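Predicted model, so just to flag it, every value in this text is computed and none were measured. Throughout, numbering of the chain's residues begins at 1 and tracks the sequence.
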Amino acid sequence: MVSHNIVTSIDSENPATLSKGVHNILRENLGFTGIIITDDLAMKATKIPNATEKAVLAGNDLIIVTDYEKSINEIKSAIDEGRIDIDVIDKMTFRVLAWKYYKGLIY
């Protein structure tokens, strides 16, 4: 789970939840292949415009939100308007399904 803390040495403008730099370190430098989960965006990140879209683009696989309808619509609009590539959603989905399979939640 990635928190909303700002790690100034990596990204002084975005909380870790919305930071591509933090996610690149996890995936590229540390070789993390598991799922990355946000903390609830309602805690602090919702004060940032398009927080859900930014969370997807940063590299999170599961996004915890309080207002899921707003977040779903934000992601749909970002896909429809070309700001999020459907391939990004496919990769997120694959990692989540692979994790569920590994945990024995699906067969």
Side-chain angles (χ1 to χ4, degrees):
M1 177 177 279
V2 184
S3 71
H4 299 309
N5 296 346
I6 293 179
V7 183
T8 55
S9 61
I10 300 171
D11 185 342
S12 61
E13 296 180 16
N14 296 297
T17 332
L18 309 180
S19 172
K20 288 182 183 184
V22 168
H23 290 77
N24 284 341
I25 288 173
L26 285 170
R27 296 272 186 224
E28 307 295 323
N29 297 38
L30 300 175
F32 182 70
T33 59
I35 59 168
I36 300 174
I37 305 170
T38 68
D39 209 340
D40 190 345
L41 295 183
M43 291 174 62
K44 285 191 180 181
T46 51
K47 295 177 181 166
I48 297 172
N50 302 318
T52 307
E53 177 182 341
K54 289 177 181 176
V56 170
L57 292 172
N60 295 286
D61 299 303
L62 289 176
I63 300 167
I64 299 174
V65 295
T66 301
D67 188 350
Y68 66 90
E69 289 180 271
K70 177 185 173 208
S71 293
I72 288 170
N73 289 330
E74 187 177 319
I75 291 170
K76 287 166 109 180
S77 293
I79 292 168
D80 292 343
E81 295 169 15
R83 294 188 311 274
I84 295 177
D85 192 313
I86 196 68
D87 289 341
V88 171
I89 303 298
D90 289 345
K91 287 178 185 176
M92 293 167 60
T93 304
F94 178 79
R95 278 194 291 267
V96 171
L97 290 174
W99 172 66
K100 287 182 175 190
Y101 179 80
Y102 173 75
K103 291 294 188 181
L105 300 173
I106 58 174
Y107 302 97

Pair T66-D40, side-chain donor/acceptor within less than 3.5 Å: yes
Is there a continuous path of hydrophobic side-chain contacts, each under 4.5 Å between heavy atoms, that joins [X] to [Y]?
| X | Y | result |
| --- | --- | --- |
| L41 | I75 | yes |
| L26 | L57 | no |
| V65 | I79 | yes |
| M1 | I63 | no |
| V2 | I64 | no |

Specify the closest pair of heavy atoms between [X] and [Y], including all atoms of both residues, with the distance to one decimal.
| X | Y | answer |
| --- | --- | --- |
| A16 | S3 | CB-O, 3.4 Å |
| N60 | A55 | ND2-O, 2.8 Å |
| T17 | H23 | O-CE1, 3.4 Å |

Could you measure the distance from the [atom1] atom of [X] to the [atom2] atom of [Y]? Nearest 0.5 Å is fine.
| X | Y | atom1 | atom2 | value |
| --- | --- | --- | --- | --- |
| T38 | K54 | OG1 | NZ | 15.0 Å |
| S71 | N50 | OG | CG | 10.5 Å |
| K100 | I106 | NZ | CD1 | 7.0 Å |

Can you find a heavy atom in the side chain of P15 that is under 4.5 Å from one in the side chain of I48? yes
Within a strict 4.5 Å, meaning less than it, do heavy atoms of the D11 and I6 side chains meet? no
Would T52 and K70 satisfy side chain to side chain contact (heavy atoms under 4.5 Å, CB included), going step by step from the backbone distance to the final call? CA-CA 9 Å; T52 307; K70 177 185 173 208; over 6 Å; no
Solution key, residues 82-99 side-chain donor-acceptor pairs under 3.5 Å, sequence neighbours excluded:
from, atom 1, to, atom 2, distance (Å)
R83, NE, E53, OE1, 3.2
R83, NE, E53, OE2, 2.9
R83, NH1, E81, OE1, 2.1
R83, NH2, E53, OE1, 3.2
D85, OD1, D87, N, 2.8
T93, OG1, I89, O, 2.8
R95, NE, D61, OD1, 2.8
R95, NE, D61, OD2, 3.2
R95, NH2, D61, OD1, 2.8

Pair I25-L30, side chain to side chain contact (heavy atoms under 4.5 Å, CB included): steps then yes or no: CA-CA 6 Å; I25 288 173; L30 300 175; 4.2 Å; yes
